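Predicted model, so just to flag it, every value in this text is computed and none were measured.
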Amino acid sequence: MKTPSSSIALGARSESPRTRAARPVRRLLLWRIPLGVLSVLLVAMLTYLATRVLPGDAATAILGQFATPEALERLRAELGLDQGVLAGMLDWFGSFAVGDFGLSLASQVPVTEVVLPRLANSVVLVAIVALVATLVGVVGGVIAAHRRDSALDDTASVLALVASALPEFVVGVFVIFVFSGGIFDWFPAVSIIPPDERIWNQPIKLVLPALTLVIVTAPYMFRMVRASMIEALTSDYAEVAELKGVGASRLLFRHALPNAVPPAIQVFGLNLLYLAGGIVLVETVFQYPGIGLALADAVRVRDVTVLQFIVVLLAVFYVALNILTDVLVLLSTPRRRAPR
């Protein structure tokens, strides 16, 4: 006769590995997604309130001191400035919910027509930087860990520390000086392109902004992979594997490298999150036609509708990427995805 405890144990053993692995992921998503939605809503509320309490009259700042009273009233009504804060916020949320993001106050075209082409240019830049920085960081970290305490390891570690401490605009100016006229004249110093053209049609203008961001972000990946690899190579199971005659390459790639995957995924996600904000400075330095430059221009000319849309879009990106990174780390760490 089966006891209740034996039935429970039998049911737990009958679960497939895929089902057991999915349970922690499901629990993670069930509480992270509602928190993410709440975070986006809070960012949207703060963005709306911040644009409402900016000093001065937004309509006058946009149209200028010599605008007619009729034009000012019309713009105030368009911005919802003639309503109370709560009523204006609810109206703004309602428009966002149905996909009505308004018109750009600077160009009088739909906000999506201003932002989405710029977003495509930024996605290309971020994708290239993420790929190159990850390859450089992982390969460099593995080599440095394999040759730890050597001159190569010490030199790479110092260079990574210096590069990670430099602000983006300093690296950008240095890159321009070296590769655009100061020493070599290989690439254009700015990435200005016609409004109806995309950056991938002129890939040479991608080089210096991408190189700047790679120099800034790759050191974090390098240092994390190096530390994880060294920890794995000096662990007890690595010593046992060496005593059993496991070769250096097998020990490096089959035993140590998998332990560096979860931290590398976390750093990859953090780099992407950093790039979402760091591109503002880099795109401004190189006049790169991306979402970062669009955000800076919107702040400069007080294009409120474009500013609100970009900030909410970045908030959604931050939240979604955070959740995706945590799920990937959970899936790549067997002991963490085992249900308790």
Side-chain angles (χ1 to χ4, degrees), residues 118-147 150-195 197-227 264 267-268 270-297 299-300:
R118 300 288 193 94
L119 178 62
N121 292 334
S122 291
V123 168
V124 172
L125 177 62
V126 169
I128 292 173
V129 171
L131 177 62
V132 175
T134 301
L135 288 175
V136 171
V138 170
V139 173
V142 170
I143 295 174
H146 180 57
R147 302 184 61 180
S150 66
L152 175 64
D153 178 31
D154 294 340
T155 302
S157 298
V158 170
L159 290 176
L161 186 61
V162 171
S164 61
L166 292 174
E168 301 93 330
F169 69 90
V170 173
V171 178
V173 171
F174 174 76
V175 166
I176 292 173
F177 173 75
V178 173
F179 297 106
S180 184
I183 299 177
F184 306 105
D185 191 11
W186 291 349
F187 305 103
V190 294
S191 303
I192 298 175
I193 60 174
E197 195 167 347
R198 298 293 172 263
I199 193 64
W200 51 82
N201 295 325
Q202 299 187 33
I204 192 172
K205 294 184 177 180
L206 267 166
V207 175
L208 294 190
L211 178 60
T212 300
L213 289 171
V214 167
I215 292 174
V216 173
T217 56
Y220 296 101
M221 181 68 74
F222 166 82
R223 295 171 65 189
M224 180 60 72
V225 172
R226 176 185 176 275
V267 176
F268 180 79
L270 289 174
N271 276 342
L272 286 179
L273 293 175
Y274 165 80
L275 289 172
I279 56 174
V280 176
L281 285 175
V282 173
E283 289 185 358
T284 303
V285 169
F286 291 97
Q287 290 297 293
Y288 182 87
I291 194 172
L293 184 61
L295 179 61
D297 291 341
V299 172
R300 179 173 53 83

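Identified under the side chain to side chain donor-acceptor pair (under 3.5 Å) test for residues 165-183, with sequence neighbours left out: E168-Y274. Applying the side chain to side chain donor-acceptor pair (under 3.5 Å) rule to pairs touching residues 130-139 yields nothing, sequence neighbours excluded.
Evaluation of the side chain to side chain donor-acceptor pair (under 3.5 Å) rule for Q202 yields E197, K205 as partners, not counting sequence neighbours. For P167, the side-chain contact (heavy atoms from CB on, under 4.5 Å) criterion is met by F169, V170, not counting sequence neighbours. Among residues two or more places apart in sequence or in another chain, the salt bridge (charged side-chain N to carboxylate O under 4.0 Å, His left out) test is passed with R226 by D153. Residues that satisfy the salt bridge (charged side-chain N to carboxylate O under 4.0 Å, His left out) test with D154, not counting sequence neighbours, are absent from this structure. In this structure A156 satisfies the side-chain contact (heavy atoms from CB on, under 4.5 Å) test together with F222, sequence neighbours excluded. Under the rule for a side chain to side chain donor-acceptor pair (under 3.5 Å), T217 has no partner lying at least two apart in sequence or in another chain. Partners of Y220 according to the side-chain contact (heavy atoms from CB on, under 4.5 Å) rule, which considers only residues two or more places apart in sequence or in another chain, are S164, V267, N271. Residues forming a side-chain contact (heavy atoms from CB on, under 4.5 Å) with L159 (at least two apart in sequence, or on another chain): T155.
Taking CH2 from W186 and CD1 from I204, the interatomic distance works out to 12.0 Å, rounded to the nearest 0.5 Å. To the nearest 0.5 angstrom, T212 atom OG1 is 11.5 Å from L281 atom CG.
Of the listed residues (V136, V175, L166), just one forms a side-chain contact (heavy atoms from CB on, under 4.5 Å) with I215, and that residue is V175.
With a 4.5 Å cut-off on side-chain heavy atoms, V190 and F286 do not count as touching. Side-chain contact check for L208 versus F179: some heavy-atom pair is nearer than 4.5 Å.
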Show me, pair by pair, the donor-acceptor contacts under 3.5 angstrom made by side chains of residues 120-129, not counting sequence neighbours?
| residue | atom | partner | partner atom | Å |
| --- | --- | --- | --- | --- |
| N121 | OD1 | I199 | N | 3.2 |
| N121 | ND2 | P289 | O | 2.8 |
| S122 | OG | R118 | O | 3.4 |
| S122 | OG | E283 | OE2 | 2.8 |
| S122 | OG | I291 | N | 2.7 |

